[in-house]
Amino acid sequence: MSAHPTLALAGVSKSFGAVRALRDVSIELHAGEAHALAGENGAGKSTLVKTLAGVHRPDQGRILLDGEPVVFTGPADAQQAGVAVIYQEPTLFPDLSVAENIVMGRQPRRSLGRIDRAAMRAAARELFGRLGVDLDPGRPTRGLSIADQQLVEIAKALSRDARVLVMDEPTAALSGAEAARLFSVVEALREHGCAVLFISHRLDEIFALCQRVTTLRDGQWIASELVAGLTHDDLVRRMVGRDLGALYPKQDAAVGDVALKVERLTREGVFTDVSFEVRRGEIVALAGLVGAGRSEVARAIFGIDRWDAGTVTVDGRELPPGSPTAAMGAGLALVPEDRRQQGLVMEMSIERNIGLTGLRSLRRGATISRRAERDRAADWAARLRLKFARLGDGVGVLSGGNQQKVVLAKWLATEPSVLIVDEPTRGIDVGTKAEVHRLLSELAGQGIAVLMISSDLPEVLGMADRVLVMREGRLSAEIPRAEATEESVMNAATRRAA
Amino acid sequence: GTTKSSVTSAPAPAPASSSAAAEADPNAPLKEGLKLAFLPKQINNPYETIVDNAGIEAAKEYKGEAKEVGPSDASASSQISYINTLTQQGHDAILIAANDANAVCGPLQQARAKGIKVVSYDSDAAPECRDLFINQASSEEVGRSQVRLLADLIGKKGEIAILSATANATNQNTWITYMKDELTKPDYKDMKLVKVAYGDDDDQKSFTETQGLLQAYPNLKGIISPTTVGVSAAARYISGSKYKGKVVLTGLGTPNQMRQFVKDGTVEKFALWNPKDLGYLASYAAAALVSGQITGAQGETFKAGKLGERTIGAKGEVILGPPFTFEAANIDQFDF
Amino acid sequence: MTATAAPPGREVGARGARALVDLVFRARELSLVAALAVLVAVTAGINGNFLSGQGVEDILLNTAILALLAVGQSVVVITRNIDLSVGSVVGLVAFVTGDVLARGAGLVPAVLLGVAVGAACGLVNGLLVSFCRVPALVVTLGTLYVIQGLDHYIAHGRQINAVDLPPALLALGNGAVLGVPYLPLITLAVMLAVGAYLRAYPSGREFYAIGSSPEAARLAGVPVRRRVLAAYLVSGGLAGLGGVLWLARFGTVVGDSANGWELLVVSAVVVGGVAITGGVGSVYGAALGALLLTTIGSALVVLRVNPFWQQAITGALLLLAISVDRVLAVRVARLLRKGGRR
Amino acid sequence: MTRVLRWDVLVGALLVAVFAAGSLGVPGFATTGNLSFALGDLGEIALIALAMTLLVVAAEVDLSVASVLGLSSALVGALWDGGMAIETIIPLVVLVGAVCGLVNGLLVTRLGLPSLAVTIGTLALYRGLAYVVLGDKAVAQFPPAYTALAVDDVPGTPVPYPVALFVLLAVVTGVVLHATGFGRALYAIGAQEQAAFFAGIRVKRIKLLLFTLSGTVAAFAGVVFTLRYGSARADNGLGVELAVIAAVLLGGVDFDGGKGTLGGVIAGVLLIGLLRNLLMLGDVSTEIQSIVTGLLLIVSVLTPRLVSVVRPALKGTP
Ligand SMILES: Nc1ncnc2c1ncn2[C@@H]1O[C@H](COP(=O)(O)OP(=O)(O)OP(=O)(O)O)[C@@H](O)[C@H]1O
Ligand SMILES: Nc1ncnc2c1ncn2[C@@H]1O[C@H](COP(=O)(O)OP(=O)(O)OP(=O)(O)O)[C@@H](O)[C@H]1O
Ligand SMILES: [Mg+2]
Ligand SMILES: [Mg+2]
């Protein structure tokens, strides 16, 4: 390890209007070391990342490259300096091919300086090989699932052969298998002398991958220390400033009638013959590898996509295909996986986003009552402990986790009888995660049927009364809570057809 | 309900000018310091510019003041905003080449109600909305003479086509009506009008319309284009194509635009009046109206500067004169 | 936990799917060519004159300038912007160039001046859009009015006549080499150059990246502003060249050449399969779109369609073209999906 | 903070400034006759701009409005010429306009085509149909009772009937856009269509409705236009779409959707109209008018932009 850190921030502050996202924060990234950054939602992690990446310019403080102060005037400068970044939200070009996304700006050349497309595809294929992913480099990235997009982002960052690899929640959308594969690749890079900054709300991953951890709370630096001497609880205490209760507080609730019944649901080429039911008071998890088609089933049930065959029944009423309005009318709610595109209207304020699902119920006479809208938003913001400055602010300025809370609020406000949540804790910090879990459990207790899609296996095991496992578009197993273990679920998710 | 027949059968609105009571005094002197405004179909049309500039020059002769204002597109609606503005500004007379005879009517009536005299030129407004119309040539004469001109050139035999300006241009449509009528005469029984095409007074559109005509009708013997923009565009296309010398082109054009094509043999003869004289006459007519020499009634006369004495014909029309035919022998004597 | 290796057979499926996707992408241009072929065949079947030397020459000449503008426009549209001022620029350049030539300027300086004036207009648009970050539609609608006003102001009812122009320029507009007129050759050369650049060069790909996602492009270190500026420069410069060629072709210009062409050019680009939302399409498609539109226009005249019907039919065919293109794309996407999971 | 310098507020302020300058500096401007005419002259553009605002907020656009206006005018002419009663013609023609809009809407929502492309197509199609219907004819002699309705002032006021109608519709539109769930839905669709769809908003149905509305209003504007000028022609309203769009843009409605206010649009329409009137009265030539309009558009988007760049810089220096 050299004397100077490869990349460091010294006393950096950054404010957005009244929000002080970073206050006098310092961090040192050393070659050959994986450094974790921990903190609650809105602690300033992504802001720190963007500062390192040259997206934001610090209001105060310096960036040091090999001990020398540098100024990044834009992302290009940071890239030039050997910093590769995986941002929290995928930043892909939907119309360009996967391969082109990966090599943009560094295309392999052939004669006359032209792009060598064959080499470009080969490079992408090689990277996917390392990551153990099966993605076609030639297809456009439009239409890729969030997980696949994240994988492309990872491949993009790896392809840069960077000296510093910064990863902002790269595993949030991944299931265990992909995450494990990513870790082995990162491990190899680290051993080759790459400095790594890693952010995750899954604390296990921090302990598995990192040597050092820096904690932020409310934009303030709390501690930088070796991971080796820390316990799980220590870390949580640093982040939250207090002790936390159990993470997965699923209480048994009285199981009632069938609320959601899905029979032989098929969307050609996507999923086939999916049948299951969810009862009131139950939390049913839908597990599986990325790309197994879980989100697709949820989308179809809610009417976003049409199904080709089968039926969906909510409280005994059959739903017409392809109508979210009808689904909502029947008491369904869907918290979608992609909050930026599907969950939120980024340009709208927090209160309007929360009000969007209740345009009818907020009506007083012909017009919308702003007071009712504000009350509804304030109420849910408080219940979910949303961190915000004003309810009138755009959701775009919230941190990722807080945005997710707004999506939850928006759907819980409809008081659904069946709640489908797709990756509900994706990008949510431990504290909030516990709250979301408590909330889901509470909702089930009130007699709501919950269908939970999650790639977070501990979450699945902790929360679910039953686990449905999908593999390649079909339901491959139904495992009751008592028999659900990591092995049984993973087996059902990966077992090859004979 | 209210239908067309119920409206037209109703007693017609009070005819013509509100100042009809005024008596004409042929000996009244032309007033000095008159304020006139020319409102062409569209500015940026070189032909209209020649006309209006001549009118503005003429105003200087009788110590009046004239200006040209107008829209950049040849639409009735934009002309109307200008009529309103001119009315507000309080001019003595408005001279207009109407884009739509009826659409300009209401605002012109309002102007006249404020004592402003209205003279139409080049393209007429509805007769009840103006005091005088200065016609470049008798419409009938223009229409029929164009057919005669072409008939002579093609030996009264073969398919012919017309390349007009916009489909709605009043003067064009009047001329075309007379052309069609002329063609019904037994003398022209071997001539057949196969198509009326519209070049919209747009150079490029007229150019490609000509192409289309020639391709669609391989046996075409002649084209009449009674618009300066159309005839020069058509001449340009023909002069550079295989149709040169095979298809006869005539129409209404300015000598400056057509000189080249007359010299290279693409066009043998074409016609026009002198646009400068048109503007000049309109300008004097307006002055005479405002000064009280005339009221617009048939038979009244006034003196139009160097053009001499003119008489008002039926329906308040003053005719400039017969169109003049240009050909290789005389074209170099003109510059406009 | 071990990651699953791709089972055999999947790769093949993916290949097949990709080949299909590729085909659809190329099919945008292919379907245009097919539509064109049908149109020409039907028209020529009814009126043989349509395919005569003169007929083909006329169509090529008529297309040349529109296609040139469409090439420039598509570069801008690919970056998710738009340039509504092209028609005005053509008008301005045609008149200004004609004016200086009529006053006796040399041919080469005059042509360069024309292109420079066009590029200057593009520069203004580009600076406003890229550096001041104001919406392209508003800016270029604004410059449309300004440039048009300027053009009319300079022309003010004057007219440039062919006799005032040097014969060399007119020869450029109407002459031919080996039977092929110069104008379409110039357009072809420009199209191939721009097309090759956009497809095969890293900086060319960046135009697509910007149109596909401006934010991602910024994060990827793409010099967004410079590229957008460049796109407008190209569009403006080509509009300038278009103005010069207009003058050369028509010889007579007044102050409103190419008036209203902005929508025609955008139509050509859209018909040519360049997505108005950026990131997708090619200049070849745009040029083909221009050719198709022009051919439809000529065919209707040749088929002796009543002039009052011509515009309606053109509109209907335009709608048909984009609808069929779209329906095909959707069909293929569905096939892809049903063809199996990756 | 940005409250004060919002785009639409700026346009409103400019409008007041232009009005004040006109009243003081240009004779004939602030007369009731002139203002009544100038307002009446804006009638059709203003009407169409109302519907266009809703569409643009929802991130769509309708370029075919001027052609629908022309088609409606041509139909009025043809039917009137054919002896049909004007009382039948008007609803019939407005219905045809609704169908035109519906066709746009179906192409956009069912086939998923971009509205810019679709309506460039129908711009040609509908204008073409106008020529098919009326050809080169210009039909006049409409019943005076009706033409009067299109120009006369509401008794006792200097406000022409179409303008009064506009005011009424503007109020309704403003309430719908800014205070109802429907309006909210429009903003959501414009800003993030997918999220709106996921929130149970019937995106396609709403868009279909908006296009139909736009066609209806344009056809109605065509009737007003025809009666006001007393002349039905196929080329009526040629190019009006750009004027409408200029006004909407000037009013601060963003073409990317999800932004803008109706107040801004109305200020935009008035600003363009009154400024033009002022320039004409001041004998400013058409060329300069065109340049001024263009500059106005550019400045209106540039100013808030520059202010937002300059302000932090100013704040930064102690
Ligand atoms: N562009 C911006 N404008 C205004 N405020 C911002 C902006 N970006 C971030 N913030 C604010 O800065 C604070 C820190 O946000 P940041 O995204 O860095 O949090 P985070 O630690 O990454 O949270 P998460 O774990 O949820 O991703 C938050 O309060 C957020 O609302
Ligand atoms: N490379 C690809 N080629 C073709 N289709 C793909 C590809 N990647 C994803 N898809 C589409 O996405 C579907 C899988 O969706 P998705 O990954 O959202 O499923 P999931 O089980 O919900 O996973 P997640 O854990 O991300 O929620 C596939 O059935 C397919 O239609
Ligand atoms: Mg973050
Ligand atoms: Mg999913």
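Nothing here was measured: the structure is a model prediction, and the numbers come from that model. Within every chain, numbering begins at 1; the chains are lettered A, B, ... in the order of the sequence lines, protein sequences first and strands thereafter.
For C/Leu263, the parts lying near chain D are the backbone and the side chain together; criterion is any non-hydrogen pair under 4.5 Å. C/Gln310 does not touch chain D: none of its heavy atoms, backbone or side chain, sits under 4.5 Å away. Contact of C/Leu150 with chain D is made through backbone and side chain together, with heavy-atom distances under 4.5 Å. Proximity to chain C is absent for every atom of D/Leu296, based on heavy atoms less than 4.5 angstrom apart. In this structure, chain C has no heavy atom under 4.5 Å from any part of D/Leu134. For C/Val327, the part lying under 4.5 angstrom from a heavy atom of chain D is the side chain only. In this structure, chain D has no heavy atom under 4.5 Å from any part of C/Leu293. Heavy atoms closer than 4.5 Å to chain C are found in the side chain of D/Leu116, but not in its backbone. Interface remark: D/Leu250 contributes no atoms to any contact with chain C (heavy atom separation under 4.5 Å).
Chain D forms more heavy-atom pairs under 4.5 Å with one residue of C/Thr140, C/Val270, C/Val138, C/Leu264 than with any other, namely C/Val138. In terms of heavy-atom pairs under 4.5 Å with chain D, the best-connected choice from C/Ala136, C/Ala316, C/Gly149 is C/Gly149. Options D/Leu63, D/Ile288, D/Leu129, D/Leu113 differ in how many heavy-atom pairs under 4.5 Å they form with chain C, and the most are formed by D/Leu113. Ranked by heavy-atom pairs under 4.5 Å with chain D, the first of C/Pro307, C/Ala312, C/Ser323 is C/Ala312. Per-residue heavy-atom pair counts under 4.5 Å with chain C were compared for D/Pro114, D/Gly135, D/Ala234, D/Gly239, and the maximum is reached by D/Gly135. Options D/Ile291, D/Thr122, D/Ile245 differ in how many heavy-atom pairs under 4.5 Å they form with chain C, and the most are formed by D/Ile291.
Nearest heavy-atom pair, C/Leu318 versus D/Gly121, reported as atom, atom and distance to 0.1 Å: CD2-CA, 4.1 Å.
One distance of note links OG of D/Ser285 with OH of C/Tyr153; it measures 7.0 Å at 0.5 Å rounding. Here the CD1-CD1 distance, from D/Ile120 to C/Ile322, works out to 8.5 Å after rounding to the nearest 0.5 Å. Atoms CG and OG1, from D/Asp256 and C/Thr277 in turn, are 11.0 Å apart once rounded to the nearest 0.5 Å. The OG atom of D/Ser290 lies 7.5 Å from the CG atom of C/Leu144; values are rounded to the nearest 0.5 Å. With values rounded to the nearest 0.5 angstrom, C/Phe308 atom CZ is found 4.0 Å from D/Asp136 atom CG. Atoms NE2 and OG1, from C/His156 and D/Thr286 in turn, are 8.5 Å apart once rounded to the nearest 0.5 Å.
The side-chain contact (heavy atoms from CB on, under 4.5 Å) with C/Leu141 is formed by just one residue from the set D/Leu249, D/Ile298, D/Thr293; it is D/Leu249.
Of the possible polar contacts, one joining the C/Arg326 side chain to the D/Leu111 backbone as a donor-acceptor pair under 3.5 Å is found.
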